Amino acid sequence: MSQRGPSRRLEVVDVDLCVGCQCCMFACNRRFGEAGLLKSAIHVRSAGGFERGLIVQVCRACLDPPCARACPVDALKVRKAGGVTLQPAKCIGCGNCVEACTVGAIFWDGEAGKPIICVYCGYCVEFCPYIVIKLEPLREEVS
Amino acid sequence: MIIGDPISRVLYVDLSRKRFWVKDRSELFEKYIGGVGAGIHLLMEECPQGIDPLAPQNPIILAVGQLNGFFPIASKTVALFKSPHTGNLGESYAGGRSAIALRMAGYGAMVVKGASDLPLYLVVTEDGVEFRDASVIWGTSSSYTVGRVIREREAGAGVRTIMRIGVAGEKLVTYSCVVTETYRHFGRLGLGAVFGSKKLKAILISGRRSLKPVDYKLYREVYQKIFKALTDSGIMKKYHDIGTAMNILPLNELGGLPIQNLTSTRFEDAEALSGEAFAQNHLGRRVACAHCPVSCIHIAALREPYVHEPYFYKTRMICYDYEPIYALGTMLGIGSREGVLKVIDEVERLGLDAISTGVALAWATEAMQCGLVGEGETGGLKLNWGDYKAYVKAIQMLAFRETPLFNALACGVDYASSVYGGREFALAFGGNEMPGYHTGPSAHLGFLVGARHSHLDAAGYSLDQRLLKSGEEASAGKIVEELFQEETWRQILSSLIVCFFGRGVYSPVTVCRALKVLGYQLTPADLEKLGREILKRKFEFKFREGFSFKKLRIPERIFQTPSPHGKLSREFMEEALKLYEEKVKALLGNL
């Protein structure tokens with residue numbers, strides 16, 4: 001596995017390679033020991049029918065994340081090099097972050113009443129058969 | 001079974017009264033592991049004996065199995081109904097996102113009963129069912145448009161399936177299909193007509209949930225092993241690279257590819273229609289079913305100029321596979337890829353089963369050639385091998401049931417040939433049109449005796465080819481034994497529900513380990529016993545609805561055109577048929 005942790009983020013390498021199998025979504029959910037899709041922080045859908053290709057929605061690890069700005073209780077801690085970490089104990093479940101994310105990469109865990117936010121672990125990458133996604137070093141380290 | 005797994009919930013929908021309710025059926029899903037195992041019991045319960053398949057009482061059962069949502073390539077949904085095409089067991093499978101959507105919406109099965117007074121589509125979520133007016137999209141000429149309209153109006157992008165019918169389903173063509181996710185189908189045996197008879201245009205199902213395995217550590221371990229086998233081992237290479245169209249060249253070389261209504265088995269344009277040629281010249285996109293890393297769905301991009309507008313083009317995205325290339329290509333003598341793609345596209349638009357449509361038109365062409373039908377019966381249309389433009393027109397006339405001939409053909413070749421003659425070259429088995437394999441006796445025996453008269457019941461085509469390779473002269477008894485074993489095992493895969501393309505990975509031992517993750521303690525011997533029991537239930541349904549081995553008709557044509565095993569003998573086939581009947585009788589306890 002590639003190096004995990006706070007200095008990495010997920011990158012969509014080439015969305016045209018995506019076949020829509022959603023193995024990444026199932027992988028993300030398995031991190032919690034469960035099968036299914038509810039807890040996935042990555043989402044794949046068609047771009048209006050499979051004939052038009054696919055869309056992969058995943059956190060871009062923004063430098064100045066709108067989700068953090070929209071959080072009324074500072075539950076989303078901005079990482080130094082971009083992206084956020086959810087502090088579930090602080091989160092009141094208002095859902096503002098979901099609305100604020102420009103690319104729709106924050107999802108909702110109806111069971112927990114909390115947002116689902118990518119932790120940049122890269123587990124999904126291991127299950128993408130076509131290298132559509134990869135773990136990338138964050139900007140600072142690149143420069 | 002996992003305690004509290006929502007798979008035990010069965011959603012009942014009554015279209016007549018616009019009501020729905022949920023029942024717990026743990027006993028079915030525990031014992032029969034879901035899919036066809038649970039579904040055949042629901043069909044037995046819900047389908048009154050002897051009903052007209054297009055009557056409101058005919059239920060539509062959609063079911064998933066224990067492994068759907070848990071393991072990769074467990075990606076199929078089974079539909080069970082009384083078939084308007086054969087008048088007997090209707091059993092059809094589709095992938096796309098159907099299985100994951102139903103499982104994630106929190107149901108193991110759905111039972112749709114009754115008939116609506118006005119056209120409807122259903123929106124199914126974990127909260128239940130909403131009934132939506134479909135009168136505006138009823139009659140829409142293209143199934144693509146129906147998908148587009150519903151997609152735009154409803155929520156759940158990415159975690160939903162949209163099953164819909166085309167005009168053929170509305171017009172009750174007995175082999176109309178249900179399309180899901182644009183390119184996958186409940187293709188065979190006429191589920192589309194059952195939807196149509198209920199004024200049911202579409203079913204959208206969506207859901208997102210999480211399921212807790214009994215043993216998480218084992219889950220990860222077994223998952224990794226299966227995933228690796230599906231992606232690394234080469235077992236899936238055929239489906240992955242070129243797709244099922246890969247079969248064209250080897251079957252042509254073998255002399256097992258039916259051409260022009262099985263008047264021959266070698267096609268001069270086979271190269272042009274090969275999977276390799278389609279990939280090289282047209283392949284525009286690859287797509288997968290949900291939770292399947294293989295992506296066997298191959299979509300051609302067909303760019304065409306508009307005739308009356310210079311510098312205007314349209315690009316149609318058309319899915320191709322082996323069976324449509326056989327039925328709508330080689331069977332009709334069409335040697336151009338563009339021609340085949342246009343015919344396939346018309347079948348998609350109107351929502352027909354590709355195999356039955358191709359075989360029906362192949363019969364009509366031969367019937368026209370030998371003067372059984374003339375232009376009077378076809379509304380002036382001339383059918384000639386290779387004339388794809390005429391076939392596109394014929395498909396429209398068929399879907400709309402224009403002229404008495406196309407109206408008869410809309411009920412299949414068995415029926416059309418009973419009206420116009422030409423029985424000896426009407427290529428249907430048990431009422432269902434022939435798939436693309438004239439590989440030898442096992443293939444044809446499989447079509448005849450398989451519970452749904454499909455090549456997928458027991459894969460006789462594969463047995464034929466194995467025997468050919470080994471050079472073994474197999475007795476009728478040996479063939480019967482092998483087909484019966486294979487069909488028995490496939491009841492398990494069809495209950496889990498694992499796509500048959502993954503059958504090389506899901507061995508009995510692997511299936512037992514996967515089920516252990518869900519709390520089952522089963523051995524391969526237990527699975528075999530269960531497989532037999534499910535197959536038995538299917539035959540009980542078939543006999544209840546009037547099936548008889550004695551009534552099976554073997555089209556003379558298969559004895560005229562040599563197969564890779566040489567000319568087939570009627571005596572051999574009849575002997576094998578008798579032996580199979582004895583096996584089924586033993587299974588049923590001498591019914």
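Values reported hereafter were calculated over all heavy atoms of this structure, with side chains retained and with hydrogens, waters and symmetry mates removed. Letters go in sequence order (proteins before strands), and every chain restarts at 1. Nothing here was measured: the structure is a model prediction, and the numbers come from that model.
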In terms of heavy-atom proximity below 4.5 Å to chain A, should B:R97 be classed as side chain, backbone, both, or neither? side chain
Step by step, work out the side-chain contact (heavy atoms from CB on, under 4.5 Å) result for A:D16 and B:R285. CA-CA 8 Å; A:D16 284 320; B:R285 189 172 286 289; 4.1 Å; yes
Aromatic plane relationship, A:F127 with B:F227 - under 30° parallel, 30 to 60° tilted, over 60° perpendicular: perpendicular
Rounded to the nearest 0.5 Å, how far does SG of A:C23 lie from NE2 of B:H291? 5.5 Å
Heavy atoms of other groups near B:E221 CD, more than 12 under 6.0 Å: yes
Is it the case that more than 12 heavy atoms not belonging to B:K516 sit under 6.0 Å from its NZ atom? no
B:P293 and A:P129: which non-hydrogen atoms are nearest, and at how many Å? CB-CG, 3.6 Å
For B:F70, is it the side chain, the backbone, both, or neither that has a heavy atom closer than 4.5 Å to a heavy atom of chain A? both
Could you state the interatomic distance from CD (B:E181) to OG (A:S46), rounded to the nearest 0.5 Å? 9.0 Å
Tell me, side chain or backbone of A:C24 under 4.5 Å from chain B's heavy atoms, or both, or neither? neither
Do the non-hydrogen side-chain atoms of A:R30 and B:Y219 ever get within less than 4.5 Å of each other? yes
In terms of heavy-atom pairs under 4.5 Å with chain A, the winner among B:G207, B:G96, B:A157, B:A301 is B:A157
Using heavy-atom distances under 4.5 Å, tell me whether B:I297 contacts chain A through its side chain, its backbone, both, or neither. neither
By a 4.5 Å heavy-atom criterion (distance strictly below it), what part of B:F71 contacts chain A: side chain, backbone, both, or neither? neither
Is it the case that more than 12 heavy atoms not belonging to B:R153 sit under 6.0 Å from its CZ atom? no
Side chain, backbone, both or neither: which part of B:R103 has an atom under 4.5 Å from a heavy atom of chain A? neither
Under 4.5 Å from a heavy atom of chain A, the part of B:V517 involved: neither
Given the options B:A288, B:C292, B:A290, B:S75, which has more heavy-atom pairs under 4.5 Å with chain A than any of the others? B:A288
Do you know which two heavy atoms are closest between A:G33 and B:Y216, and how far apart they sit? CA-CE1, 3.0 Å
Using every non-hydrogen atom in the two residues, find where A:L38 and B:S210 come nearest and quote the distance to one decimal. CB-N, 3.7 Å
Contact leader toward chain B among A:M25, A:R52, A:K39, where contacts are heavy-atom pairs under 4.5 Å: A:R52
Could you tell me which portion of B:T182 (side chain, backbone, both or neither) has an atom closer than 4.5 angstrom to a non-hydrogen atom of chain A? side chain
Closer than 3.5 angstrom, by distance alone: can the side chain of A:H43 be matched with the main-chain N or O of B:V159 as a donor-acceptor pair? no
Honestly, the part of B:P72 sitting under 4.5 Å from a heavy atom of chain A is neither
Please indicate whether B:R303 has more than 12 foreign heavy atoms, meaning atoms of other residues, nucleotides or ligands, lying under 6.0 Å from its CZ. no
Does the pair A:F50 and B:R184 meet the rule for a side-chain contact (heavy atoms from CB on, under 4.5 Å), with working shown? CA-CA 11 Å; A:F50 276 104; B:R184 298 292 90 185; over 6 Å; no
Between the CD1 atom in A:I116 and the CZ atom in B:R208, the distance rounded to the nearest 0.5 Å is 5.0 Å
